[in-house]
Amino acid sequence: MFCSHLLRQLQACARRQSPSQGKELHAQIIKTGLEQCPPLPNNIIDMYGKCGLLQDALHLFDQLPHRDPISWASILTAHNLANLPHLTLSIFPSMFTLDRLQPDHFIFATLVKACASLAALKQGKQVHARFILSSLPGDDVVKSSLVDMYAKCGLPNEARRVFDLISLKNSVSWTAMISGYARNGCNLDAVELLKAMPVKDLSSWTALISGLVQNGDEIDALCIFMEMRKDEIHIRDPFVLSSIIGGAANLAALEIGKQLHCLVIVLGYESSVFVSNALIDMYAKCSDILAAKYIFDNICQKDVVSWTSIITGAAQHGQAEEALTLFDEMVSTGLKPNEITFVGLIYACSHVGLVSKGRYLFDSMIKDFGISPNLKHYTCLLDLLSRSGHLTEANNLIKTMPFEPDEATWAALLSACKRHGSTQMGVSVANHLLSLKPQDPSTYILLSNTYAAAGMWDSVSEVRKVMAGMVRKKEPGYSCIDLGKETLVFYAGEASLPVKDEIFGLLKELDTEMRKRGYVPDTSFVLHDLEQQEKERQLFWHSERLAVAYGLLKGVPGTVIRVVKNLRICGDCHTVLKLISSIVEREIVVRDANRFHHFKDGRCSCSDFW
DNA sequence: GTAGGGTTAG
C-alpha cells in the first residue's frame with residue numbers, strides 16, 4: 001500500500017522533472033527500508049533520468065543486485081535523455097555479458113533512437129537485423145523508430161519500406177515518415193503523405209514545415225504554413241512557430257518575420273524560450289540587431305541558445321566588443337557555453353583583428369570548457385590569422401589541422417593572400433582550391449584575380465572556361481529589397497526593370513558625384529573578356545545597386561535601406577555603397593551570402609574584408 | 001521502462 005503511494009510520487013516527480021524533490025523522495029524511500037522493493041528501484045532510475053540526474057541514476061543502477069530489462073531500458077533511456085546516445089550504444093552490450101539478458105521491444109526502440117540521433121547507419125542496421133531475428137519483430141513502435149533512423153541517415157526509401165510494414169500506423173509513424181521525406185528533399189512525397197494521412201494533426205504539419213526549412217526550402221515551407229493556417233489547425237504548441245521563424249530568418253525576410261512575431265504574440269507564445277531564440281536569430285539575420293537585442297533582454301530564463309544567438313548576431317554585425325561582453329556576462333551567470341558559442345566568438349574576433357583574444361578563446365574552449373574544436377572552429381581561427389596578416393601561421397594551420405579543409409576554408413586563406421599581396425602563397429592555395437571544383441562564383445573571381453596578379457594567363461583562361469561551363473547551371477545573382485508594402489527582386493543588367501529611367505537617372509547622378517570624390521571603377525570584378533567601358537557598364541548594373549537605388553527612390557525617407565543578396569557582394573559595389581551612404585546620408589544594410597555590411601558615413605562594418 | 005514534430009555555426 002505504502003509502496004504504491006511512493007511509486008505514484010516517483011512517477012509524478014519524473015513528469016514534473018523536479019530534481020530536488022526527486023532526491024528527497026529517494027532519501028525518504030531509503031529511510032523506510034523499501035529501497036530494494038520492486039518496482040521502486042527501476043522507477044527511481046527512471047525518475048533520475050527524466051530529472052536530468054544521470055549520475056544518480058547510474059549510481060543506483062550499478063548497485064542493483066537484480067537488474068531486469070526494465071532497469072536496462074530505464075538506464076539506456078536516461079543516456080538518450082542526457083544527449084549521450086554514444087554511451088547508450090556502448091553500455092548496451094553489458095546487458096548480455098553482465099546480466100545475461102536479451103533486449104525487449106522497449107530496449108530496441110531506445111537503441112534505434114540513439115542510432116538515429118547519431119545518424120549512425122551501420123549500427124542502426126545492426127540493431128535492425130537483431131530486431132528482425134528477435135522473437136518480437138512485429139512491434140510497431142520499434143518500426144516507427146526505424147523509420148526515423150533511416151530518414152535521419154538520409155535514406156527515405158529505406159524508411160518507407162519499414163513504414164509500409166507498420167500494421168497500425170499512428171500519428172508518430174506518419175510524422176516520422178513525413179519529416180523524413182521533407183528533410184531529404186522529397187517535397188512532393190512529403191506533401192502527398194500528409195494529404196493521405198487519415199487525421200492530420202499539428203505534429204504532422206510541423207514535421208512537414210520544419211523538414212522543408214531544414215532542407216533549405218523556406219518558400220515551400222511558408223506556403224505550407226499558410227495552407228495550415230487556412231485549414232484552421234489549432235496551434236496548441238509553439239514547435240511550428242520556431243521552425244517557420246527560422247525559415248524567415250534564412251530568407252532574411254524581415255516583413256514576414258515581423259508578421260510571424262505578431263502571430264506569436266496573438267497566440268500567446270512570447271514566453272516560449274524556443275520561440276524567443278528563433279526570434280533573436282530571425283531579427284539578427286534580417287539585419288535588425290536592435291530588435292534581436294530587445295527580444296533577448298526580455299527573456300526571463302535565457303539558455304545557452306539565447307546567449308549564443310545574440311553573441312553570434314552581434315559578431316555577424318561587426319559588434320565584436322558587444323559579443324565579448326555578452327560572453328563574459330553569460331559565463332558569470334553560470335551557464336556553460338557550447339561549441340557554437342565559440343564559433344561566434346572567434347568569428348567576432350576575426351572581424352576586428354583581435355588576434356590574441358581569438359587565439360586565447362580557442363585554447364580556453366579546449367582547456368577550460370572541455371570542448372574539442374571542429375572544422376568550423378579551425379576555419380574561424382584560420383580566418384582570424386590570415387586576415388590579420390599571419391599568413392604563414394595560417395598556411396601551417398590549414399596543413400596540420402585534423403580536418404579536411406573545404407572550399408570555404410581555402411577561399412578564406414586565398415582572400416587573405418590577395419589582400420596582403422602574397423602572390424606566391426596565393427597561387428599555391430589557388431591550385432588546391434581549383435582542384436576541389438569550387439561551387440561559388442565568387443571563388444572563381446578570386447581565383448582568376450590571383451592568377452592574373454601572378455601573370456599566369458593560361459590559368460586565368462582555364463578558370464574562365466570552367467566558370468563559363470557552370471555559370472548557366474548556377475543561380476544568377478540577385479538582390480531583394482523589402483519596403484514593407486512591396487518586395488522586389490533585381491537581377492543584374494537593365495532588362496525589364498521597374499522604373500528603369502528613374503533608377504538610371506539616380507545612379508548616373510550618384511556616379512558623377514562619386515567620381516568627383518575620387519571613385520575609379522574596379523573592373524577586376526568582371527570576369528568576362530570585355531572592353532574597359534563595357535566592364536564599367538556591367539558593374540553599373542549590378543543587382544545590389546539597382547535595389548539600393550530603388551530603395552532610395554521609393555522607400556520612406558530617412559529609414560534604413562535593407563537589401564539581401566544571394567551571392568557575395570562584389571568589391572566595386574562595396575566601394576560604391578560606402579560612397580553612396582555618405583552622399584545621401586542614409587544607412588544601407590546589405591546581407592550577402594556570407595555576412596552583413598552596414599554602410600554608414602562612407603564606412604562599412606565589415607572593415608572592408610569579406 | 002519504448003517511437004515523431006522546435007532554437008544557435010565560416
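Computation of the quantities below employed the complete heavy-atom set of this structure, encompassing side-chain atoms and omitting hydrogens, waters and symmetry-equivalent molecules. Order of the sequence lines sets the chain letters (A, B, ...), proteins ahead of strands, with each chain counted from 1.
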More than 12 heavy atoms of other groups within 6.0 Å of K125(A) NZ: no

salt_bridge(E158(A), R161(A)) N-O dist < 4.0 Å: yes

Proximal nucleotide (of dT2(B), dG6(B), dG4(B)) relative to the F239(A) side chain: dG6(B)

Distance-only donor-acceptor test, T175(A) side-chain atoms vs dG4(B) base atoms, 3.5 Å: yes

Touch class at under 4.0 angstrom, heavy-atom based, for T409(A) against every strand present: base

Sugar-phosphate only, base, or nothing, as touched by S272(A) at under 4.0 Å among non-hydrogen atoms: base

Nearest-angstrom distance from the residue atom CG of N215(A) to C1' of dG5(B): 16 Å

N/O donor-acceptor pair under 3.5 Å between S306(A) side chain and D303(A) backbone: yes

Atom-to-atom span, NE2 of H66(A) to P of dG1(B) - whole angstrom: 22 Å

Side-chain N,O (Q214(A)) to OP1/OP2 (dG6(B)) below 4.0 Å: yes

Touch class at under 4.0 angstrom, heavy-atom based, for K376(A) against every strand present: base

Atom-to-atom span, CG of N277(A) to P of dT8(B) - whole angstrom: 9 Å

Nearest-neighbour nucleotide for the T379(A) side chain, dG10(B), dT8(B), dA3(B) considered: dG10(B)

Spacing between I166(A) atom CD1 and dG4(B) atom P, to the nearest angstrom: 12 Å

Sugar-phosphate, base or nothing in reach of S171(A), heavy atoms under 4.0 Å: base

Residue A408(A), side-chain heavy atoms: nucleotide from dG10(B), dG4(B), dG1(B) that is nearest: dG10(B)

Closest listed nucleotide, where the reference is the side chain of C380(A) and the choices are dG10(B), dG1(B), dG5(B): dG10(B)

Sugar-phosphate only, base, or nothing, as touched by K50(A) at under 4.0 Å among non-hydrogen atoms: sugar-phosphate

Polar contact flag, side-chain donor to acceptor under 3.5 angstrom, Y48(A)-H59(A): no

Side chain of K152(A) (C-beta onward), nearest among dG10(B), dT7(B), dG5(B): dG5(B)

Sugar-phosphate only, base, or nothing, as touched by P69(A) at under 4.0 Å among non-hydrogen atoms: base

Interatomic distance where CG belongs to L54(A) and C1' belongs to dG1(B) [whole Å]: 15 Å

K200(A) side chain near dG5(B) phosphate (N/O to OP1/OP2, under 4.0 Å): no

K113(A) side-chain N/O to dG1(B) phosphate OP1/OP2 under 4.0 Å: no

Heavy-atom donor-acceptor pair, N170(A) side-chain to dG4(B) base, under 3.5 Å: no

Sugar-phosphate only, base, or nothing, as touched by F274(A) at under 4.0 Å among non-hydrogen atoms: base

Of the listed nucleotides dG4(B), dG1(B), dA9(B), the one nearest the side chain of I70(A): dG1(B)

Protein-nucleotide distance (R160(A), atom CZ; dG4(B), atom P), rounded to Å: 19 Å

Among dG5(B), dA3(B), dT8(B), the one nearest S179(A) by side-chain distance: dG5(B)

Geometric class of the F131(A)/H128(A) ring pair [parallel <30°, tilted 30-60°, perpendicular >60°]: tilted

Sugar-phosphate only, base, or nothing, as touched by D281(A) at under 4.0 Å among non-hydrogen atoms: sugar-phosphate

Sugar-phosphate, base or nothing in reach of K169(A), heavy atoms under 4.0 Å: nothing

Lys NZ or Arg CZ of R130(A) over F108(A) ring: under 6.0 Å, within 45°: no

Between dG5(B) (C1') and L241(A) (CG): distance, integer Å: 13 Å

Protein-nucleotide distance (N250(A), atom CG; dG10(B), atom P), rounded to Å: 12 Å

N or O in side chain of N43(A) less than 4.0 angstrom from dG1(B) OP1/OP2: yes

Nearest listed nucleotide, side chain of S243(A), among dT7(B), dG1(B), dG10(B): dT7(B)

Side-chain heavy atoms of M47(A) within contact of Q11(A), under 4.5 Å: no

dG6(B) phosphate, OP1 or OP2, under 4.0 Å from S210(A) side-chain N/O: yes

Sugar-phosphate, base or nothing in reach of R183(A), heavy atoms under 4.0 Å: sugar-phosphate

Parallel, tilted or perpendicular: ring planes of F369(A) versus F342(A), cut at 30 and 60 degrees: tilted

Closest to side chain of D383(A), choosing from dA3(B), dG5(B), dG10(B): dG10(B)

